[in-house]
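Below is one structure, written out as structure tokens; comments come after it.
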Amino acid sequence: MTTDGAYMARAIQLARRGYFTARPNPVVGCVIVKDNQLVGEGFHRKAGEPHAEVHALNAAAANATGATAYVTLEPCSHTGRTPPCANALIEAGVKRVVVAMSDPNPEVAGQGLERLRAAGIEVSEGVLRAEAVQLNQGFIKRMTRGLPYVRVKLAMSLDGRTAMASGESKWITGEHARADVHRLRAASGAVMTGSGTVLADNPSLTYRVEDFELLRQQIPEDTEQPLRVVCDSRLQTPANARILNQPGKTLIATLQVNEQAETLQQSGAEVVQIKEDRGKISLTDLLGTLAGRGVNDVMVEAGAGMAGALLNEKLVDEFVIYMAPHLMGDNARGLVQIHGLEAMADRVALKINDIRAIGEDWKITAIPTYS
């Protein structure tokens, strides 16, 4: 790896520290290097707090003059809740800025780099760009397409079953896999399910560090609970559902707001009317609504019907499948409802990005090829 690559790798490592807390902002890391010595580093921890560049410049102090800054994302050029980072780098007197990728935010989109160049600072782009893109898939998709990154979580037996014929499904996987699900929830802007899952399982859909010793050192105490989202076209969610009585907020998406909506709102939910699509909630419109609220990543924990509906609409960006080492038989329920597959040529192709053991189970990360 080149010297630039090595320092950018450290910046990417730092950026990951904001994984649970930076939303809806992107995660960003920065290191300041002078005379081949790392003199300052920082990461963006939380929206409204200083950005990575400011933390790194503060750590470098006078050493920032004549130094090189390595940043995982283009320094911002606009004033939001904090001043422009491009200006901070200029005022600190850095001579060179290396960025992994430009900012997809239309308010920035190259303007930060232009401002640096106009100030006489040498700018290099594209160092470890693929790794930087991986850090902020949800933010990038929200900025470029107006939709959040959709991650569908599924748990199945070795023979691809998610529940017994009776609906019993607790627990398919072991403790390590369940802890990993809570880690993913903590990193998501929203967790989405259907009213059928609410009625059948009465889930909480919160992340719970106290339930898993494995998570206590991983998730910061001030990590916000994800927005809980229920697709409920007929407003069947009970007013005493567990999902309404948890820390954080619950949004119920429906086709028509009626008297039941008032009852649910009194129980703490926000009820939002979503466009209709063939008699059902438009999942595209719902996801667009969530993106408009600053949600970068949606984790879907629902039944085979919703997983199939999202897949049919080509709205799934990633599957996270936990596979347990047991068999549940051919009467048990399948993984995803996909209609119209009659021939081998109709199969839905997936690209497997990762397979790893997680406790006694296996975790498979795969993306539909249309992504």
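With respect to Asp222 and Arg45, a salt bridge is recorded, a charged nitrogen being found less than 4.0 Å from a carboxylate O. Ionic pairing of Glu301 and Arg178 is not present here: no N-O contact between side-chain nitrogen and carboxylate oxygen is shorter than 4.0 angstrom.
Between the side chain of Glu318 and the backbone N or O of Thr365 there is no donor-acceptor pair closer than 3.5 Å. Under the 3.5 Å distance criterion, the side-chain polar atoms of Gln236 are left unmatched by any main-chain donor or acceptor of Asp232. Between the side chain of Asp297 and the backbone N or O of Ser188, no donor-acceptor pair lies under 3.5 Å. Judged by distance alone, with hydrogens and angles left aside, the side-chain atoms of Asp317 form a donor-acceptor pair with the main-chain N or O of Val150 at under 3.5 Å. Checking side-chain atoms of Tyr322 against main-chain N and O of Gly174 turns up no donor-acceptor pair under 3.5 Å. With hydrogens and angles ignored, the 3.5 Å screen pairs a side-chain donor or acceptor of Glu74 with a backbone N or O of Leu113. Checking side-chain atoms of Gln273 against main-chain N and O of Leu255 turns up a donor-acceptor pair under 3.5 Å. Checked by atom type and distance alone, the side chain of Asp103 pairs as donor or acceptor with a backbone atom of Asn105 at under 3.5 Å. A donor-acceptor contact shorter than 3.5 Å links the side chain of Asn258 to the backbone of Gln260.
The closest side-chain heavy-atom distance from Phe319 to Leu311 is below 4.5 Å. Using a 4.5 Å cut-off on side-chain heavy atoms (C-beta onward), Ile140 and Met101 make contact. Residues Met299 and Val181 meet the side-chain proximity criterion, which asks for heavy atoms closer than 4.5 Å. The closest side-chain heavy-atom distance from Met156 to Ile321 is below 4.5 Å. The side-chain heavy atoms of Gln225 and Val191, taken from C-beta on, include no pair separated by under 4.5 Å. Leu350 places a side-chain heavy atom less than 4.5 Å from the side chain of Pro368. Within the 4.5 Å cutoff, the side chain of Arg23 has heavy atoms near those of the Glu224 side chain. Put simply, the side chain of Cys30 reaches to within 4.5 Å of the side chain of Val71, judged on heavy atoms.
Around CZ of Arg234, the count of heavy atoms belonging to other residues, nucleotides or ligands within 6.0 Å does not exceed 12. Counting non-hydrogen atoms of other residues, nucleotides and ligands closer than 6.0 Å to NZ of Lys249 gives a total of 12 or fewer. Crowding of Gln256 atom CD: a count of heavy atoms from other residues, nucleotides or ligands under 6.0 Å not exceeding 12. By the 6.0 Å contact criterion, CD on Glu210 is enclosed, its count of non-hydrogen atoms from other residues, nucleotides or ligands being greater than 12. Around the CZ atom of Arg356, the shell of radius 6.0 Å holds no more than 12 heavy atoms that belong to other residues, nucleotides or ligands.
Summarising the geometry, atom CG belonging to Leu147 is positioned 5.5 Å from atom NZ belonging to Lys141; distances are rounded to the nearest 0.5 Å. Once rounded to the nearest 0.5 Å, the distance linking CD of Gln218 with CZ of Phe212 reads 12.0 Å. Expressed to the nearest 0.5 Å, how far CG of Asp211 lies from OG1 of Thr206 amounts to 8.0 Å. Between Leu235 atom CG and Glu259 atom CD the span is 10.0 Å, to the nearest 0.5 Å. Annotation: the span from Ile367 atom CD1 to Asp354 atom CG amounts to 12.0 Å, rounded to 0.5 Å. In this structure, CG on Leu327 lies 4.5 Å from CG on Asp159, to the nearest 0.5 angstrom.
Follow the hydrophobic side-chain contacts under 4.5 Å out from Val295 and you never reach Met143; the two are in separate clusters. Hydrophobic clustering (ILVMFWY, side-chain heavy atoms < 4.5 Å, transitive): Val27 and Val127 are in one cluster. A single hydrophobic cluster is seen to contain both Val300 and Leu290, as judged by linkage of ILVMFWY side chains at heavy-atom distances under 4.5 Å, directly or through other members. Leu199 is not connected to Leu251 by any chain of hydrophobic side-chain contacts under 4.5 Å among Ile, Leu, Val, Met, Phe, Trp and Tyr, and they are in different clusters. Side-chain heavy atoms closer than 4.5 Å link hydrophobic residues (I, L, V, M, F, W, Y) into clusters, and following such links, even through other members, never connects Ile274 to Val230.
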Output a table of donor-acceptor pairs, distance under 3.5 Å, between side-chain atoms of residues 276-283 and any protein atom two or more places apart or on a different chain; print 'none' if there are none.
residue	atom	partner	partner atom	Å
Glu276	OE2	Gly279	N	3.2
Arg278	NH2	Glu313	OE2	2.6
Ser282	OG	Asp285	N	3.1

Could you walk me through whether Tyr207 and Leu215 pass the side chain to side chain contact (heavy atoms under 4.5 Å, CB included) check? CA-CA 10 Å; Tyr207 78 84; Leu215 300 180; over 6 Å; no
Side chain to side chain contact (heavy atoms under 4.5 Å, CB included) between Met8 and Thr72, intermediate numbers included: CA-CA 7 Å; Met8 188 61 76; Thr72 58; 4.2 Å; yes
I would like to know whether His326 and Ile172 meet side chain to side chain contact (heavy atoms under 4.5 Å, CB included); could you show each step before the answer? CA-CA 9 Å; His326 54 239; Ile172 289 179; 3.9 Å; yes
Side chain to side chain contact (heavy atoms under 4.5 Å, CB included) evaluation trace for His182 with Val209: CA-CA 8 Å; His182 283 258; Val209 174; over 6 Å; no
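Each of Val198, Ile243, Thr250 was compared with Leu205 under the side-chain contact (heavy atoms from CB on, under 4.5 Å) criterion, and only Ile243 meets it.
Among residues two or more places apart in sequence or in another chain, the salt bridge (charged side-chain N to carboxylate O under 4.0 Å, His left out) test is passed with Arg10 by Glu41. Applying the side-chain contact (heavy atoms from CB on, under 4.5 Å) rule to Thr68 yields the partners Tyr70, Arg96, Val98; only residues at least two apart in sequence or on another chain are considered.
Asp361 and Thr173 share no side-chain donor-acceptor pair at under 3.5 Å. Judged purely by distance below 3.5 Å, without hydrogens or angles, the side chains of His44 and Asn25 pair a donor atom with an acceptor atom.
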